[in-house]
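Beneath this line is the structure, given in structure tokens, with notes to follow.
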Amino acid sequence: MTSSPTVKFLDLERLHRDISAELEQACSTVIRSGHYIMGPELEAFELEFAQYCGVDHCLGVANGLDALRLLLMAYGIGPGDEVLVPSNTFIATWLAVSQCGATPVGVEPSSGLFNMCPSELAQKITPRTRAIIPVHLYGQTAEMDAIVAVANQHGLIVIEDAAQSQGATYHGRRSGSLGHAAATSFYPGKNLGALGDAGAVLTSDAHIAARVRMLRNYGSAVKYQHDWVGLNSRLDEIQAAMLRVKLRHLDTWNTARQRVADFYGTHISNPCVALPQTPAHMRSVWHLFVVRTPHRDALSAFLARGGVHCLIHYPIPPHRQKCYPEFAGVHFPTAEAMAAEVLSLPISPVMSDAEMSHVVSMVNQFDPLEHA
Ligand SMILES: *Cc1c(COP(=O)(O)O)cnc(C)c1O
């Protein structure tokens, strides 16, 4: 038997090795500056990332969950309000709504895609609905024109959850600029990741930007004057400096992810594995490469034996989590089927050709009858 490579799901150490001199330089600059919170690195990053996304304002915050919460707070959404969220998303989208005292209302994805279905969305609107949080899951935007049209018809706020989609475009416009405001996360594994926790709010609404600027810092615009019951949710100088370095590489890295996705799309030919669809008006940044198969657990185990490390995003949908007992009687059949069938193959900007080929060859060798 020839030795085959072990393919990690995401090798962050390898990613950072390529730019370690830049990262270390930026880090020392902060250390020597004596300025560690709300300083020049944050200000510069906010300008650079706002410009990158095509919005007027970026506010660095502590993480993606807080970015969502701060926006809901800024829009005054709270008890008695309903917020439409995908039935299949990372739990943070739902938690942000619940933590503001509002009620998350699930909307199933469009058939064949992973994102919120605009026509089902319209059916879920009630007199209590205040906002929609479309998630650009796995790096591909939701169908934003249709979602924004529904929102406008009913006077609803659209807050993008752009945690997985830094750099993705919809009809050529960047994710983060497609609704009234957006929340993003720079968790290390995201396409643009810090070396710790971080997140941001994006918007071209000056009033909401000013509100979030206060809410993230104890509800204060002037030191020791507190106009709002705010949070302490700031993005520190070290993380802002790391993000400035990494933002300069983001487009190159997203192109490298596209290359892996193209390779998988061209060469994976196993009839029991469904590949992700890519509508022509959306450019995915391939945060994850998610395939579907009714033999998911067998495929995952087979790939693991062959050295290919996969993950499941996500194995339990939010309405089935213990923290949501009130949803026990509610069914989201599409989200439940996805949780049982999705598998995320390794994808990153630093995969070698040998690793990509090994993944494809293993997926194509899988036979549900033989490897069950
Ligand atoms: C990662 C993520 C978040 C939360 O980000 P954190 O920085 O971990 O709080 C929110 N929504 C989605 C879709 C995510 O993938």
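Atoms within a ligand are numbered from 1 in the order they appear, just like the ligands themselves.
One finds a salt bridge joining Arg173 and Asp145 here, because a Lys/Arg side-chain nitrogen approaches an Asp/Glu carboxylate oxygen to under 4.0 Å.
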Atom pairs, nitrogen or oxygen, ligand 1 to protein, under 3.5 angstrom:
unit_1	atom_1	unit_2	atom_2	d
ligand 1	5 (O)	Ser185	OG	3.1
ligand 1	7 (O)	Gly64	N	2.8
ligand 1	7 (O)	Ser185	OG	2.6
ligand 1	9 (O)	Gly64	N	3.2
ligand 1	9 (O)	Leu65	N	2.9
ligand 1	11 (N)	Asp161	OD1	3.3
ligand 1	11 (N)	Asp161	OD2	2.8
ligand 1	15 (O)	Gln164	NE2	2.8
ligand 1	15 (O)	Lys190	NZ	2.6

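Using modelled atom types, one finds a donor on one side chain and an acceptor on the other under 3.5 Å when comparing His313 with Ser344. Side-chain contact, Ser361 with Gln365: a donor N or O sits under 3.5 Å from an acceptor N or O.
For the ring-ring contact (aromatic ring centres under 6.0 Å, His included) test, residues two or more places apart in sequence or in another chain that qualify with His371 are Phe302, Phe366.
Remark: Arg174 is positioned above the aromatic ring of Tyr52, its terminal NZ or CZ atom under 6.0 angstrom from the ring centre and at most 45 degrees off the axis.
In this structure, Tyr187 has its ring center no closer than 6.0 Å to that of Phe90.
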